[in-house]
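Note that the coordinates shown come from a computational prediction; the quantities given were computed from them, not determined experimentally.
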Amino acid sequence: MQKHTDTILFVSTNDGSDMRINKEVKSLNKYSEVIFFGVGEMANCYVAPYCKKVILVKGKRNSIPVLIKQILIFIKLLFTQKIKSIHIINEQLYIFFYPLFFFKHTVLDLFDSIFLIKNKGGEKLKHIKYLLYAPANKIIITDENRLRLMPQCVQNKCVVVPNYPYFFQHEGVKETSNCLTILYSGWMGLRRGTEIVEGLLKTESQIKIIMAGWFSDNYTKDLLKKFSNQIDYLGVLPQEQIMKITQESADYILCVYAPVQQNNI
């Protein structure tokens, strides 16, 4: 097998457990060596087998101390490693390293653009977007709808990489239960499904909730304490394991996107 000579620095606030990040790093590793630079603990760093090196900053993601550490380590890596290209997730992190991207090939990977979250898609704030996206050589978008919501000035930089799961085949036996079992997984928060889960549990019906993934707010964490006898939290798991649990244990899958911006609608 030919040895890779180019190195990609993959920068995120995730710990390498996010499935899309896992798929991207695995794909990039076929052509280049990858240094993964994120936030968290090694226990859930599923990208590690595909990386030349993994660097994780311990602490709360997006907090000031963690961001300062990331900036310092990022600068050190640029001077100590032969980085061919930088792959960075979302504008919220990208903006902190902004001036440095003019000197390296940069790919901005938009999982959740801040402009779409704030319902400022298309040509809204186009001059700010033009300046913000200027250093990026490529911008990855997850679907055609989000591509249409990007400003015209950067359409030629954009490429769509769909977020499909790996093909999964497992002949599991479905469990029988007197409870209605609902799977609630991924990024879990008040407007991503927690509000609905709480409402269902308050009906005092025979309902069991299987939760797996990341908490995006304290409200969701507190829900575990309120309904500990009806919620089974499994932690952060690989996608394949989640799909196996879904097939064998769940009657329904809960997926909620609040209709707060056009992309979700």
Side-chain angles (χ1 to χ4, degrees), residues 1-114 129 131-142 154 156-161 163 166 214 236 238-239:
M1 186 175 179
Q2 187 177 358
K3 185 178 179 181
H4 302 314
T5 56
D6 295 334
T7 299
I8 294 173
L9 176 60
F10 196 107
V11 187
S12 172
T13 54
N14 184 258
D15 56 6
S17 59
D18 181 270
M19 195 58 206
R20 182 175 172 89
I21 288 176
N22 193 269
K23 288 183 289 183
E24 288 186 342
V25 170
K26 187 176 180 180
S27 297
L28 292 170
N29 181 54
K30 295 177 183 178
Y31 309 100
S32 301
E33 291 184 327
V34 179
I35 296 175
F36 181 80
F37 180 29
V39 178
E41 304 286 343
M42 280 297 297
N44 296 321
C45 188
Y46 306 140
V47 301
Y50 314 115
C51 296
K52 169 187 175 182
K53 189 175 185 179
V54 172
I55 302 168
L56 294 177
V57 176
K58 294 182 180 180
K60 185 178 180 181
R61 61 194 300 267
N62 296 327
S63 67
I64 297 301
V66 165
L67 285 169
I68 291 172
K69 287 180 183 177
Q70 280 192 289
I71 292 169
L72 294 175
I73 294 172
F74 182 86
I75 293 171
K76 182 181 178 181
L77 286 170
L78 291 185
F79 281 100
T80 60
Q81 303 288 328
K82 293 182 179 179
I83 305 296
K84 179 75 172 181
S85 179
I86 300 165
H87 190 114
I88 188 160
I89 307 297
N90 287 332
E91 300 111 337
Q92 298 93 310
L93 187 58
Y94 165 91
I95 193 67
F96 284 95
F97 307 105
Y98 182 84
L100 300 169
F101 294 137
F102 286 97
F103 305 100
K104 290 286 182 181
H105 181 274
T106 301
V107 176
L108 174 59
D109 198 345
L110 296 180
F111 286 21
D112 294 294
S113 171
I114 189 66
K129 291 175 184 177
L131 291 173
L132 180 66
Y133 297 137
N137 298 91
K138 284 291 179 183
I139 302 173
I140 295 179
I141 313 295
T142 57
V154 297
N156 63 329
K157 293 184 178 184
C158 296
V159 59
V160 174
V161 178
N163 196 23
Y166 287 125
W214 307 268
V236 179
Q239 187 180 44

Between Ser32 and Leu28, is there a donor-acceptor pair closer than 3.5 Å when you use the side chain of the first and the backbone of the second?
no
Please answer whether the main-chain N or O of Ile21 pairs with a side-chain N or O of Asn14 as donor and acceptor at a distance below 3.5 Å.
no
Correct closest heavy-atom pair for Tyr94 and Ala134 would be OH-N, 4.5 Å
Using a 3.5 Å distance criterion without hydrogens, assess whether the side chain of Tyr50 forms a donor-acceptor pair with backbone atoms of Glu33.
no
Could you tell me whether the side chain of Phe96 reaches within less than 4.5 Å of the side chain of Gln70, counting heavy atoms only?
no
When you compare the side chain of Leu108 with that of Ile88, does any pair of heavy atoms fall below 4.5 Å?
yes
To check you understand the geometry: which heavy-atom pair defines the closest contact between Ala48 and Met42, and what is its length?
CB-CE, 4.2 Å
Has the side chain of Lys104 got a donor or acceptor atom that lies under 3.5 Å from a matching backbone atom of Ile83?
yes
What distance separates Asn22 CG from Asn44 CG, expressed to the nearest 0.5 Å?
11.5 Å
What is the ring orientation for His87 with Phe10, classed by angle as parallel under 30°, tilted 30 to 60°, or perpendicular over 60°?
parallel
Checking Leu110 against Tyr133 for the side-chain contact (heavy atoms from CB on, under 4.5 Å) test, could you report, in this order, the C-alpha distance in whole Å, the side-chain angles of both residues, the deciding distance, and whether it holds?
CA-CA 11 Å; Leu110 296 180; Tyr133 297 137; 4.2 Å; yes
Quick check for you: to the nearest 0.5 Å, what is the distance between Ile55 atom CD1 and Leu9 atom CG?
7.5 Å
Donor-acceptor pair between Ser17 and Asp15 side chains, under 3.5 angstrom
yes
Using a 4.5 Å cut-off on heavy atoms from C-beta on, say whether the side chain of Val107 contacts that of Asn137.
no
So does Ala136 get a backbone contact from the side chain of Lys157, meaning a donor-acceptor N/O pair under 3.5 Å?
yes
Minimum heavy-atom separation for His105 and Ser85, please, with both atom names.
ND1-OG, 2.9 Å
Min side-chain heavy-atom separation Pro135-Tyr98 under 4.5 Å
yes
Could you tell me if the side chain of Val160 sits less than 4.5 Å from the side chain of Ile140, heavy atoms only?
no
d(Ile86 CD1, Thr7 OG1) to nearest 0.5 Å is 12.0 Å
Within the structure provided, determine whether Lys129 and Val154 are in side-chain contact (heavy-atom separation under 4.5 Å).
no
What distance separates Leu93 CG from Leu67 CG, expressed to the nearest 0.5 Å?
7.0 Å
Do Leu100 and Ile75 come within less than 4.5 Å of each other through their side chains, counting heavy atoms only?
yes
Heavy atoms, side chains only, cut-off 4.5 Å: are Tyr31 and Ile8 in contact?
no
Kindly determine whether Val161 and Thr142 satisfy side-chain contact (heavy atoms from CB on, under 4.5 Å), including the steps that lead there.
CA-CA 5 Å; Val161 178; Thr142 57; over 6 Å; no
With rounding to the nearest 0.5 angstrom, report the CD1 to CG distance, Ile73 to Leu78.
12.0 Å
d(Met19 CE, Glu24 CD) to nearest 0.5 Å is 11.0 Å
I need the minimum non-hydrogen distance between Phe37 and Leu77, along with the two atoms involved.
CD2-CD1, 4.3 Å
Got a sec: does the CZ of Phe102 have more than 12 other heavy atoms crowding it under 6.0 Å?
yes
Run Ile114 and Asn90 through side-chain contact (heavy atoms from CB on, under 4.5 Å) and show every step you take.
CA-CA 8 Å; Ile114 189 66; Asn90 287 332; over 6 Å; no
I need the minimum non-hydrogen distance between Gly59 and Val39, along with the two atoms involved.
O-CG1, 3.6 Å
Pair Leu132, Ile95 - check side-chain contact (heavy atoms from CB on, under 4.5 Å), show working.
CA-CA 8 Å; Leu132 180 66; Ile95 193 67; 3.3 Å; yes
Glu91 and Ser113 side chains, donor-acceptor separation under 3.5 Å
yes
